[in-house]
Every structure is written in structure tokens, then in C-alpha cells.
Amino acid sequence: MSRYSKEDIIRLVEEEDVEFIRLQFTDMFGMLKNIAITSSQLGKALDNRCMFDGSAIEGFVRIEESDMYLHPDLDTFEIFPWRPQQGKVARFICDVYRPSGEPFEGDPRYVMRRISRQALDMGYTFQAGPECEFFLFHTDENGRPTTDTHEMAGFFDVGPLDLAENVRRDIVLNLEDMGFEVEASHHEIAPAQHEIDFQYGDGLATADNVMTFKMAVKAIARRHGLHATFMPKPKAGVNGSGMHINMSLADRDGNNVFVDSSDPLGLSPIAYQFMAGLLEHIREITLLTNPLVNSYKRLVPGYDAPVYIAWSAASNRSPLIRIPSSRGASTRIELRCPDSAVNPYLALAACLAAGLDGIRRGLKPPASVDTNIFAMSEAQLRQAGIKQLPETMGEALEAFAESSFAREVLGDHIYTKYLEAKEKEWKKFRAEVTDWEVQEYLYKF
């Protein structure tokens with residue numbers, strides 16, 4: 001059931017003195033875009049008559065077919081609590097449509113909707129809960145971001161060691177003003193690194209929340225004179241920022257179908273099949289869960305990020321997938337490879353599609369690995385049949401380019417445009433000479 005009608009929105013805008021409204025949408029790289037209108041244009045927006053130039057957005061359409069329309073999702077209406085309280089600023093998250101009235105197949109939100117409908121057709125609602133990590137760094141005298149920080153705090157530290165405690169508090173309070181149910185926030189392992197976890201929701205709402213979360217964190221950090229970054233590995237020698245995703249499925253009555261009290265681990269056959277699908281397809285979709293050249297600097301041993309394609313029923317954080325200890329209605333699986341730079345619509349859609357494929361085909365996962373995989377030898381890994389995630393974007397590109405599954409999930413439009421863009425990004429990186437290379441080789445050779 002919808003939260004708001006058109007009449008509700010018009011009344012709220014008037015009562016709350018909203019002057020500007022942002023019509024937001026997301027490009028295929030997970031970058032938030034918008035056009036802003038004044039409240040005088042609200043009726044036009046609510047009638048889906050606000051148009052923009054789709055050819056200006058990479059991966060959307062050609063210049064000769066550039067007209068696109070934004071259809072606001074009324075349930076995403078929110079007022080930004082960090083903006084002025086007179087002449088307030090609000091937003092809608094929008095779906096992108098063609099002039100013909102058809103949904104635009106290049107809209108990442110459309111992909112998430114389409115895969116969610118497949119789950120509904122099978123009798124399931126996808127539930128996802130992200131664990132979002134980020135860094136807070138200083139800016140220079142010109143306001144540009146740096147990787148500098150004064151603090152040296154670590155995991156779960158508090159003030160005065162955690163110098164950004166008040167910043168994180170401000171972020172949480174603003175998120176709660178926007179309707180988030182924040183479950184926990186804390187300092188992470190690396191200096192200047194933080195994590196905020198919010199309550200799970202259905203797949204589309206969770207993807208929307210991730211985009212809203214990133215926007216809020218960046219805006220509030222800037223208000224404190226800091227730069228918030230979701231770059232996966234901004235500094236060498238410290239942990240990178242992940243976005244672990246906790247996943248489960250609910251039936252039409254809202255019951256968690258991953259639960260089976262008769263199973264030794266409390267997991268149902270559906271849970272095992274879903275997990276098996278993820279394990280089978282993860283290399284094909286790693287380019288979506290870890291989308292940047294920099295993402296693969298995080299996926300190395302020694303920094304709490306997964307490298308090996310395995311799962312564990314124990315509280316073991318070395319495999320790709322672990323089963324958190326909570327059971328009953330909270331039973332879920334946790335995918336640990338995604339990082340904070342993901343496009344949440346595409347990443348969540350790919351994870352859901354992989355799990356559904358496992359259910360359709362009745363796949364079974366390999367045996368649980370309950371030891372530290374990082375301590376296993378190459379021979380032990382081979383004997384256990386444990387494969388590795390792509391080590392570079394180049395490897396991830398190869399797996400993605402050969403995947404009919406990824407093409408089916410994304411559709412031809414996004415699949416082709418995304419592959420072309422990421423191949424270009426990888427080629428550009430390969431042509432660069434890094435500081436490490438200069439330091440390592442200039443003197444020797």
C-alpha cells in the first residue's frame with residue numbers, strides 16, 4: 001500500500017513550506033542525478049510531465065532519441081532535514097520512462113523492479129540489509145578532498161579517540177529524521193573509517209535507501225568541513241570499505257523462508273539453494289558488486305575482505321558468505337564481497353537473480369568451510385575445490401563478458417553499455433604509470 005497520494009504530497013509541500021523539489025534518478029554507475037524544480041511545478045511533476053535530456057547521461061540514449069521523462073515514486077518523498085527550514089528542499093526518487101510511456105530499460109531502478117517481480121512470481125519478497133562503510137577525510141584550503149586525517153581510532157573506539165563521533169551522530173539523527181531505522185553505528189578498523197547499519201527492507205527500498213544514505217553522509221560531512229568517500233580503498237595499508245549485504249526471502253505472509261528448525265544449522269532447503277546460486281554466479285557478477293579498478297585493492301588477504309568463493313556456518317569471516325548466528329525470523333546469509341562503490345540497484349538485482357536461479361535449479365552448495373581460509377595452502381584450497389574471486393577488474397571483465405546470466409539480469413542495453421564503459425576504464429588504468437611503479441623501478445632500472 002502506498003504511503004502518499006498526490007493530494008497528500010501537495011498538502012505536505014504547502015504545510016511544510018517546501019520551495020524546491022529534487023527529482024532524483026541513478027545512472028548505471030550508481031551516481032545520483034537530479035533536476036530541481038520549484039513547488040510551482042509540482043503538479044507537472046506529479047503528472048509525470050517533467051522531461052530531461054537522456055543523451056547527457058552516460059549509458060542512457062543517443063542524442064537523436066534523447067527525450068526522457070521522470071515519474072516520481074510518491075512513497076520516496078522526503079524533506080532534507082539538513083537544508084534550511086524556511087523554503088525547504090525535498091526530493092522524489094524517480095523512474096525513467098521513454099516518451100512512449102514505456103519504462104526505460106537503461107534505468108537501474110527498472111532492473112531492480114524487474115528482478116523483484118520475478119521473485120514475487122515465485123512467491124517471494126527479497127529482503128536485504130546493507131552494512132555501509134565509508135571514510136571521513138579532511139579537505140584542503142580550496143575545499144578539495146584529501147586522504148588526510150588527524151585521528152588514529154580503531155574498531156569500536158569512542159571519543160576522544162574517535163574524533164568524528166559527533167559527525168556520525170549528526171548523520172544518524174538526520175537519517176532518522178528521514179525515516180531510517182538506524183540499527184547501529186560505530187568506528188571501523190581503519191583510522192577515519194566508519195560504519196552505519198540500517199534496518200533491512202525489500203530490495204527496491206534498500207537500494208533507494210543506500211542512494212539516500214550516501215547523499216546524506218556526503219552532505220552532512222561537508223557541513224562539518226570533512227569529505228566523505230565511499231571509494232573502496234582510498235589508502236594503502238589499511239582496511240577498505242565494504243558494503244556487506246544480508247539477504248533473506250519472505251513468503252506472501254511475511255514469513256522468513258530461510259528458516260527450518262529441523263535443520264542442524266536452522267537453514268531451509270531454499271536458503272541452501274539461494275546460497276548455492278550466489279556461489280555459482282558470483283564471478284560473473286563481481287563487476288557489479290565490485291565495480292571499480294580500486295575495488296580489487298580491497299579484495300586482498302590480510303584486510304578482512306573475502307578472496308575465496310566459499311561459505312561458513314560458523315562465525316568465520318574469511319569466506320565469501322557467512323551465516324550470522326541469529327536464527328528464527330532473523331535467519332539470513334551475509335555476502336561479504338560487495339563494496340561501498342556499488343550501484344545498489346544493479347548489485348542487489350544480480351544477487352537476487354543468482355539466488356533465484358539456485359532455487360529454480362535446486363542447486364546445492366559445497367560443504368561449509370569453518371576454518372580460516374587465509375591460512376590454507378594452495379594445495380589445501382585445490383583439494384577443497386575452493387575458487388577465488390577475480391583479482392583485478394580485468395579478470396572480472398572477462399567473467400562478465402562471457403556471462404549470458406549477467407546479460408539476462410541487466411538486459412541488453414545496460415549490459416552492453418556497462419561492459420563498454422568498464423572496458424574503457426580498465427584500458428585507461430592499464431595505460432597509467434603509478435607512483436608505486438616510479439618508486440619501485442625508476443632508480444633500479
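Note that this is a predicted model, so its numbers are computed, not measured.
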Student: Step through the shown structure and confirm whether more than 12 heavy atoms of other residues, nucleotides or ligands are within 6.0 Å of CZ on F77.
Tutor: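 Counting neighbours around CZ of F77, more than 12 heavy atoms of other residues, nucleotides or ligands fall under 6.0 Å, so yes.
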Student: Please check if the distance between the ring centroids of F52 and Y69 is under 6.0 Å.
Tutor: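 No.
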Student: Are M68 and R98 packed together at the side-chain level, in the sense that at least one heavy-atom pair is separated by less than 4.5 angstrom?
Tutor: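 Sidechains of R98 and M68: in contact.
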Student: Flag the pair F180 / F213 as yes when their ring centroid distance falls below 6.0 Å, and as no otherwise.
Tutor: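 Not under 6.0 Å, so no.
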Student: Find out whether T331 and L267 are in side-chain contact, i.e. whether some heavy atom of one side chain is under 4.5 Å from a heavy atom of the other.
Tutor: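 The answer is yes; the side chains approach within 4.5 Å.
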Student: Other residues, nucleotides and ligands only: do more than 12 of their heavy atoms fall within 6.0 Å of CD on E408?
Tutor: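 Counting neighbours around CD of E408, 12 or fewer heavy atoms of other residues, nucleotides or ligands fall under 6.0 Å, so no.
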Student: Is the centre of the Y97 ring less than 6.0 Å from the centre of the F104 ring?
Tutor: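 Not close enough - the centres of the two rings lie 6.0 Å or further apart.
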Student: Take atom CG of D435 as the centre, draw a 6.0 Å sphere, and report whether it contains more than 12 heavy atoms from other residues, nucleotides or ligands.
Tutor: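 No, not enclosed.
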Student: Is a side-chain donor-acceptor pair under 3.5 Å present for T76 with D73?
Tutor: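 The answer is no; no qualifying pair exists.
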Student: Please determine whether the number of non-hydrogen atoms from other residues, nucleotides or ligands lying under 6.0 Å from atom CE of M122 exceeds 12.
Tutor: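 Yes.
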Student: Roughly how far, to the nearest 0.5 Å, is the CG atom of L136 from the CG atom of L163?
Tutor: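 With rounding to 0.5 Å, CG (L163) is 11.0 Å from CG (L136).
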Student: Are more than 12 heavy atoms from other residues, nucleotides or ligands located less than 6.0 Å from atom CZ of R430?
Tutor: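 Count not over threshold, so no.
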Student: Are K424 and K427 close enough that some pair of their side-chain heavy atoms sits under 4.5 Å apart?
Tutor: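 No, side chains not in contact.
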Student: Supply the atom-to-atom distance E334 CD to W311 CH2, rounded to the nearest 0.5 angstrom.
Tutor: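 Rounded to the nearest 0.5 Å, the CD-CH2 separation comes to 14.0 Å.
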Student: Could you give me the CA-CA distance, side-chain angles and deciding distance for R91 and T212, then say whether side chain to side chain donor-acceptor pair (under 3.5 Å) is met?
Tutor: CA-CA 10 Å; R91 73 92 197 269; T212 301; 2.8 Å; yes
Student: Where do N343 and D27 come nearest, in terms of heavy atoms and distance?
Tutor: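 Looks like ND2-O, 3.0 Å.
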Student: Hey, is CZ on R169 packed in by over 12 heavy atoms from elsewhere, all under 6.0 Å?
Tutor: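 No.
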Student: To the nearest 0.5 Å, what is the distance between CZ on R83 and CZ on R22?
Tutor: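 Rounded to the nearest 0.5 Å, the CZ-CZ separation comes out at 5.0 Å.
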Student: Any chance CZ of R327 has more than 12 other-residue heavy atoms, nucleotides or ligands included, within less than 6.0 Å?
Tutor: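 Result for CZ/R327: enclosed.
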Student: Tell me whether E437 at atom CD has more than 12 heavy atoms from other residues, nucleotides or ligands lying less than 6.0 Å away.
Tutor: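 Yes.
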Student: Counting N and O atoms only, with roles assigned by atom type, does the side chain of N34 sit under 3.5 Å from a partner on the main chain of Q24, one being a donor and the other an acceptor?
Tutor: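 Absent.
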Student: If I take atom CD1 from residue I220 and atom CG from residue L226, how far apart are they, to the nearest 0.5 angstrom?
Tutor: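 Here the interatomic distance stands at 12.0 Å.
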Student: Shortest non-hydrogen contact from N290 to Y296?
Tutor: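 Closest approach of N290 to Y296, heavy atoms only: O-OH, 2.7 Å.
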Student: Just how far is it from atom CD of Q41 to atom CG of D47, taken to the nearest 0.5 Å?
Tutor: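 Answer for the CD-CG pair, Q41 versus D47, is 11.5 Å.
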Student: Provide the closest heavy-atom pair for A276 versus L363 in the form atom of the first, atom of the second, distance.
Tutor: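 Nearest pair, atom of A276 first, then L363: CB-CB, 3.6 Å.
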Student: For the OG1 atom of T416 and the NE2 atom of H413, what is their distance to the nearest 0.5 Å?
Tutor: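 Here the rounded value is 8.5 Å.
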Student: Between T125 and D202, does the side chain to side chain donor-acceptor pair (under 3.5 Å) criterion hold? Intermediate values first, please.
Tutor: CA-CA 7 Å; T125 299; D202 71 75; over 6 Å; no
Student: Name the residue from H150, H224, H227 that meets the ring-ring contact (aromatic ring centres under 6.0 Å, His included) definition with H138.
Tutor: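 Option passing the ring-ring contact (aromatic ring centres under 6.0 Å, His included) with H138: H150.
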Student: Could you check whether K33 makes a cation-pi contact with F25, meaning its NZ or CZ is under 6.0 Å from the centre of the six-membered ring and within 45° of the ring axis?
Tutor: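 Not flagged: K33 not positioned over aromatic ring of F25.
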Student: Are any of the side-chain heavy atoms of P130 and H244 separated by less than 4.5 Å?
Tutor: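 Not touching, per the 4.5 Å side-chain cut-off.
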Student: Could you verify whether a donor N or O on one side chain and an acceptor N or O on the other, from S403 and E284, lie under 3.5 Å apart?
Tutor: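 Yes.
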Student: Do K233 and Y303 form a cation-pi contact, if we require the NZ or CZ to be under 6.0 Å from the six-membered ring centre and within 45 degrees of the ring's axis?
Tutor: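 Yes, a cation-pi geometry.
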Student: Closest approach of R109 and Y345, non-hydrogen atoms and distance?
Tutor: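 Smallest heavy-atom distance, with atoms named: CG-CE2, 3.7 Å.
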Student: Verify side chain to side chain donor-acceptor pair (under 3.5 Å) between D17 and Q86, making sure each step is shown before the conclusion.
Tutor: CA-CA 7 Å; D17 186 29; Q86 287 187 334; 5.9 Å; no
Student: Working note: D170 + N166, criterion side chain to side chain donor-acceptor pair (under 3.5 Å); need CA distance, chi angles, decisive distance, verdict.
Tutor: CA-CA 6 Å; D170 196 9; N166 287 337; over 6 Å; no
Student: Indicate whether any N or O donor in one side chain lies under 3.5 Å from an N or O acceptor in the other, for E195 and H187.
Tutor: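 Their side chains do not contain a donor-acceptor pair, so the 3.5 Å distance test is not met.
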